[in-house]
Structure formats: C-alpha cells, structure tokens
Amino acid sequence: MRQSTLFGRTLRDAPADAQTPGHKLMLRAAIARPLAAGIYTWLPIGFRVAKKVEQIIREEMNGIGAQEMELPVITPAEYWKETGRWDTLEPVAFRIKDHSGHDFMVSYTHEELVMHHGRSELLSYRQLPVAVYHFQSKGRDEARPRAGLLRVREFVMKDGYSFDADLAGLDKTYWAHHGAYARAFARMGLDALSVESDTGNMGGDVAHEFQVLTDVGEDRIVLCPGCRYSANMEKAVRRAAAGAASTAPAMEPVSTPGASSIEDLVRTLGIEAGGLLKTMLIRAAGGEVVAVVLPGDRELNEAKLRKLVGGGELAFANEADFAKVRGIAGFVGPVGLGARIVVDVSVAERGYVAGANRKDTHTRNVVPGRDFAGERADVHDVKPGDECPSCGKPLEIRRGVEVGNIFKFGPYYADKMGATFLAEDGTRKPFMFASYGIGVSRAVQTIIETNFDDAGIVWPAAVAPFDVHVVAMPVKDAEVRTAAETLVADLEGRGVEVLYDDRDESAGVKFADADLIGCPLRVTVSKRNVGAGKVEVRRRKSGEVLMLDAAAAAAELALLAKPS
RNA sequence: CGGGGUGUAGCUCAGCCUGGUAGAGCGCCCGCUUUGGGUGCGGGAGGACCGCCGGUUCGAAUCCGGCCGCCCCGACCA
C-alpha cells in the first residue's frame, strides 16, 4: 500500500472532544472517523485491524467446531414479540417500518432469530450439540455513547449461539467457548480477565465477562490479589464477619433536627457511619415499594436488588410512595414501616441508630430481628479491603472494559419461543441455549488503550494494519526510490503486508507518522545507507535498531514479521 | 432522561465581558531548500452567512429567548 494514496490522513492534533488515549490515537492515526454520535466509519487502516481481529476470532470459533453463518441486520418484530423483548428493548432498539407499515428492529442482538432457525433446523437430539456464530452489525441506541469506539450505537459484533440437549452438554459447550475466548483475546494482544458477571434480567444462571483492566473502562471489577476470585461489581460478594449477638438496651428516640443524611448524623451524633442504618425506599418495576436497609457505610448494589425484586427498572420512591408506607423523607427507618423490607447481609445483630419515621427524629438501639423483621439479602457493593469470599484476603477494585461476554441461558429462550427437539427418550425437550459476544470495534480501541506510548500506537503484531512500514527518504532520489520499491515488491512477494511511505515529506514527518500508525517494524531506506547496500530496521515496541544488507533484507524481514 | 460544558477556517484556538460587519498558528497549493525526527525561505489559494431559528438594536459572532449537534458526569446499557 502506497501511503501517498492512502485514504485517511493522520492528525497532528487530536480533536478537542477526544478524551481517552485510545480515542485520541484512534482519530490521529486515521483508524476511524465519527459520522454521528457513537456511529463510526472505519478508514482503511482501521478496517485492516478490524478484519484481523475478526479473523483471529473466526479461527478460534472454528477451532471449537462452531459454524460461521450470517443473519440479517433488519429483523421482523414478530420474533422479538415472542420473548417480550420487542417491549423491553424499547428504549435502546432502533426500529423501522417497511413500506406497508410492518415493524422491524435493527438487530440489537440475535437470540430470537437464531432460536427461530434452531427450532426449524434442529429436530432431534442427534443433531446436538451445535454452535453457530456470525459477524454482524448491531444497532443499540445508547443514551450515552462514549470514548470513541468504546461505546457506540452501531457496531459489528461476533455473536455466537449454542444449542445443547441438556445442562451437562451446555456446561461443556460453555466452557469450550470460554477457552476459545481466552485464546482469541490473548492472540489479539488483549490481557482479558474472565470475571463472574450478572446475568441481567434475561434469565440464565451463569455468565462471564472478559474484562481488560484499564482506567478508561466503565465497569468496576472486584479482584482478589490472593486467589483467582474476580467478579463484576454487579455480582461481586464478600465474606462478612459474623457479629456478636446484641446486648443493646431498649430503643429510645433521639432528636436530630435537620439531620437527614448519613454525614449529618455522623457529625451531630458523633458516631461512625457504620453504626447507622440507611433505609432507602425503592420503587420496583411493578410499583411495589421496597425498603432496603444497609449499614450507613455501605452502598446499595442496584443489580443485586433488581434481581431480587424480579428485574425491571428501579427508581427512588416518590412522594406518594413515602406517604403510602408512612416514611418521612430523610428520617426513614425500618421500624413500623409499611413496606417490604430487605435487610442487607452486612447489617449485624446489634444496636443501630435508624430513622424513626418522624420528622427530625431518629431511634437509638434499633436491633434487627428484635425490633423489626425483614428478608435477608446481599444487596450491597463490595468495597476495597473487604474480604475475598473464597480466600479472605483484602479485595481490590479496578476499572475494566468488557470486551466479551458469555451467557448460559439454559431453557429460557426455548421456553419462551416453544423451541423443542425430540430427545433420546422420545419426549420433546427445550434447547439448552447460550450466547457469546465480542464487540469488534471495542476490542480494536481497547487494544490501542493498552498498547501505546508517547509517540503513538504500538500494535501487537497479530493485529497490526501492516507488518512492515517502509520509509523511503528522500523519495525524490532515484536510487533510494528504486531500492525501496524493490524491497517492497520483494516483501509483498513473500506475503508480508507493507505500508510504503512514498510521500515527499521530511524525515520528521515520516517518522512521526510511522510511530503514530505503529506498525511493528519500520524499515528506513535512505540516502545515507543505500549506497552501502544497507537498510535500517527499527522495532516499534522496543526501539531496537538493526542494520540489514539490502539484498537479504526481505527474507530476514519476512522472518521478523511472521516468525513461525 | 437529569446535571455540567461546548459550538468561530480541515485541526487547535483567540475575538464575546464593553455590539460597529472576523483573526492567528498549524494544515492545504506552487517554487526553491532540506532529507535521520512534524526543516527553512518566498509566493498563493481558499476557507467560517461565527450551529440553527427568532428577538432587541440604526447595526449582533458579541445581548436575550428557543431549538439542535457534540463532549463530560450520572441514570440506563440481554
């Protein structure tokens, strides 16, 4: 590829609204360009990287016997209505109507469509297990796209789906995908950690996310430095110490004028936040008001609570809700409250200060179990330093980018869609289903976010847009140009992918662009060395420089570029 | 959807407070120069109806109102 004709120019300055290092470099290096908020065009350099990422995924998926196919982008509403997702995806799905008014969704994902095909193609247990996958555009009208390609509204996802006859088979298929994912991410240069994740409100029991730890990530990941435990914050748990039984005296009111927050109470009563009970009134999807009781130093984990109350959206209670359960804003407590009460497992059997459900008043010596009842549940966020649930060491919290996820749905979709096969025992059984996703563009930018230096991108060799960047200078010099073009032709003849900088630019411009674009090997064919029959090779990552004889350079570079 | 910010040339920005008809640097084109780190000199083109609509005013990039786009935080995100 001649750089003089390359579509897409590098930028000396990143646009002001680019925030993360990867976002800036992605734009500066002409990887992709925005077309609208969260909607991007791949430029040729970025497209090459995306295709390499895809190919790695393809090879690993094929390696576990999954079959590539392709489903459409435009999908009829009827299948989505079978599972109810036509309605539940309402806020985030792009929809269109055809000329006669029929409803379609721009594919948000493809579970329903694959299950539909499965129920008509797969009739017998003899055809199972089977796994399929495709690379296809997804449309998601995210309320807030962010950070370039990290969160976009339209993107290509590799999504895979598996059908098994029973749970044991599903388990085996699931872990085969887990292995393929781990290998794929490693090959593309991503240090992806498998973490336990929430299964969301679409059923299923087990799910893992592959997270790349980086400060630019939007997910919070709980990690144990002592063992293998790792989980998304939505799912993470801790080992809670058993408290001693309470010896607190009877409850008594305490006047707390104007002290309606944990901070106020800590200040005015002079006690630790952990000695307070925080009672939050939450309105569940069905309108039910739930009072969640947490120690004053713990935060509510919405994902856990959502799961407990049956999914759907959670909101803070409104005025009418407060009135209904006889709660007073700022002074809500669990004693005498007319609501379903969920007591977090962090709450001990001891005396606390809690709201009295009376203005400007709290109650001392409130003991859970003795003074109020409630169902026990884990609905709190893990904090740094909490004990690991499996080994007890202090946990850490890091940020991560979710580059892939795998979900075990079990019979959920098959049941919703009446998808069954004839089992060995002659009965009809639902397919045991799972799905597996990787966002290609997110993976590309995450590679950049974790592989760069002050000068630009440092591509892992397996996904670099080109293996070798040949820089000729001055390109006006016939001898130099001839030497460079001979080398380029020789390299290409050996299957090496070459970006050839044939532009009449100064050395500084060319080197700066080469660093920015970040191919693993840079070869300089210059006036200085061509007379001596030498070319200079520089490794992008290490900066290591070696001089090669021009005559043998192509053969040696081919080995450096594709060691086998 | 809530909060905050922002919108002037391809990019980075100044001008706005205090109204008078729009600028700089980089980039782009040509020539020479230079050719191992965004080179130098000279010439040149073009380029923003100052996001849009309305209002105030003799006059609006500038003041006022509304809307839109984009960015950030939050909510949301099988």
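Chain A is the first sequence line, chain B the second, and so forth, proteins listed ahead of strands; every chain is numbered from 1.
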Counting heavy atoms not belonging to A:Phe135, are there more than 12 under 6.0 Å from its CZ? yes

Could you give all pairs that pass the salt bridge (charged side-chain N to carboxylate O under 4.0 Å, His left out) test and reach residues 20-37 of chain A, with sequence neighbours left out? none

Figure out the CZ/C1' separation between A:Arg503 and B:rC28, and round it to whole Å. 14 Å

For A:Met115 and B:rA78, what is the distance between atoms CE and C1' respectively, to the nearest whole Å? 13 Å

Under 4.0 Å between any heavy atoms, over every strand shown, what does A:Asp477 touch: base, sugar-phosphate, or nothing? Just pick one. nothing

Given the C1' atoms of B:rU21 and B:rC58, what is the spacing between them in whole Å? 13 Å

Indicate whether any N or O donor in one side chain lies under 3.5 Å from an N or O acceptor in the other, for A:Lys138 and A:His110. yes

Across all strands shown, which nucleotide pairs with B:rA75 by Watson-Crick or G-U wobble geometry, both distances under 3.5 Å? none

Between B:rG37, B:rA78, B:rU35, which one does the side chain of A:Lys476 approach most closely? B:rU35

A:Glu90 CD to B:rA78 P, straight-line distance once rounded to whole Å: 15 Å

Those residues that, when tested against A:Lys81, pass side-chain hydrogen bond (donor to acceptor under 3.5 Å, both in side chains) (two or more places apart): none

Salt bridge or not for A:Glu536 and A:Arg522, using N-O below 4.0 Å? yes

Cation over ring, A:Arg95 on A:Trp80, under 6.0 Å and within 45°? no

Under 4.0 Å, counting only non-hydrogen atoms across every strand here, what does A:Ala512 touch: a base, just sugar-phosphate, or nothing? base

For A:Met417 and B:rA78, what is the distance between atoms CE and P respectively, to the nearest whole Å? 19 Å

May I have the distance from A:Glu505 (atom CD) to B:rG40 (atom C1'), rounded to whole angstrom? 15 Å

Categorize A:Ala514 for me: base, sugar-phosphate, or nothing, with a 4.0 angstrom heavy-atom threshold over every strand shown. nothing

Atom pairs under 3.5 Å: protein N/O with N/O of nucleotides 43-48 of chain B:
none

Could you identify the nucleotide paired to B:rU56, looking across every strand shown and requiring Watson-Crick or G-U wobble geometry with both distances under 3.5 Å? none

On RNA chain B, more 5' by nearest nucleotide between A:Arg28 and A:Ile406 is A:Arg28

Using nucleotides 73-76 of chain B, report all nitrogen or oxygen pairs with the protein that are shorter than 3.5 Å.
residue, atom, partner, partner atom, Å
B:rC73, OP2, A:Arg144, NH1, 2.8
B:rC73, OP2, A:Arg144, NH2, 2.6
B:rC76, OP1, A:Glu302, OE1, 2.6

In whole angstroms, the gap separating C1' of B:rG37 from CD of A:Glu536 amounts to 12 Å

Sort and list the pairs that fulfil salt bridge (charged side-chain N to carboxylate O under 4.0 Å, His left out) and have at least one residue in residues 66-76 of chain A, not counting sequence neighbours. A:Arg58-A:Glu68

Over 60° means perpendicular and under 30° means parallel, so tell me whether A:Phe210 and A:His178 are parallel, tilted or perpendicular. tilted

Please identify each residue that fulfils salt bridge (charged side-chain N to carboxylate O under 4.0 Å, His left out) with A:Arg481, with sequence neighbours left out. none

Output yes when A:Arg119 and A:Glu82 qualify as a salt bridge under the 4.0 Å nitrogen-oxygen rule, no when they do not. yes

Of the listed nucleotides B:rU35, B:rA78, B:rG36, the one nearest the side chain of A:Pro474: B:rU35

Measure from the ring center of A:Phe409 to the ring center of A:Phe407 and say whether it is less than 6.0 Å. yes

Which atoms of nucleotides 9-12 of chain B (N or O only) lie under 3.5 Å from a protein N or O atom, and what are those distances?
residue, atom, partner, partner atom, Å
B:rG10, O2', A:Arg9, NH2, 2.8
B:rU12, OP1, A:Ala16, N, 2.5

Measure from the side chain of A:Ala36, starting at C-beta and using heavy atoms only, and say which of B:rA78, B:rC70, B:rG37 lies closest. B:rC70

Note: A:Asp504-A:Lys476 ion pair, threshold 4.0 Å (strictly below): yes

As an exercise, state the distance from OG of A:Ser230 to CG of A:Leu193, rounded to the nearest 0.5 Å. 4.5 Å

Mind checking salt bridge (charged side-chain N to carboxylate O under 4.0 Å, His left out) for A:Glu299 and listing every partner two or more places apart, or none if nothing turns up? A:Lys278

Rounded distance (Å) that lies between atom P of B:rA78 and atom CZ of A:Arg140: 8 Å

Whole-Å distance separating the CG atom of A:Asp454 from the C1' atom of B:rG38: 15 Å

Mapping A:Val475 and A:Ala147 to their closest nucleotides on RNA chain B, which lands nearer the 5' end? A:Val475

Whole-angstrom distance between B:rC50 and B:rA14, as gauged at atom C1': 13 Å

Between A:Asn232 and A:Glu209, do the side chains contain an N or O donor and an N or O acceptor separated by less than 3.5 Å? yes

Those residues of residues 435-445 of chain A lying under 4.0 Å from RNA chain B by at least one heavy atom: none

Provide the distance between the two C1' atoms, one in B:rG7 and one in B:rU57, to the nearest whole Å. 25 Å

Strictly below 4.0 Å, heavy-atom distances to any atom of RNA chain B: list the hits from residues 520-534 of chain A, or just say none. A:Arg522, A:Thr524, A:Ser526, A:Arg528, A:Asn529

Taking ring-ring contact (aromatic ring centres under 6.0 Å, His included) as the definition, give me every residue that meets it alongside A:His116, ordered by chain and number, with sequence neighbours left out. A:Tyr79

Under the rule for side-chain hydrogen bond (donor to acceptor under 3.5 Å, both in side chains), what residues qualify as partners of A:Glu544, not counting sequence neighbours? A:Arg539

Would you measure the distance from the C1' atom in B:rG69 across to the matching atom in B:rC28 and give it in whole Å? 27 Å

What's A:Arg33 touching, base or sugar-phosphate or nothing? Going by heavy atoms closer than 4.0 Å. nothing

Does B:rG7 pair with anything, Watson-Crick or G-U wobble, both distances under 3.5 Å, and if so, with which nucleotide? B:rC68

So does A:Ile74 have more than 12 non-hydrogen atoms from other groups sitting under 6.0 Å from CD1? no

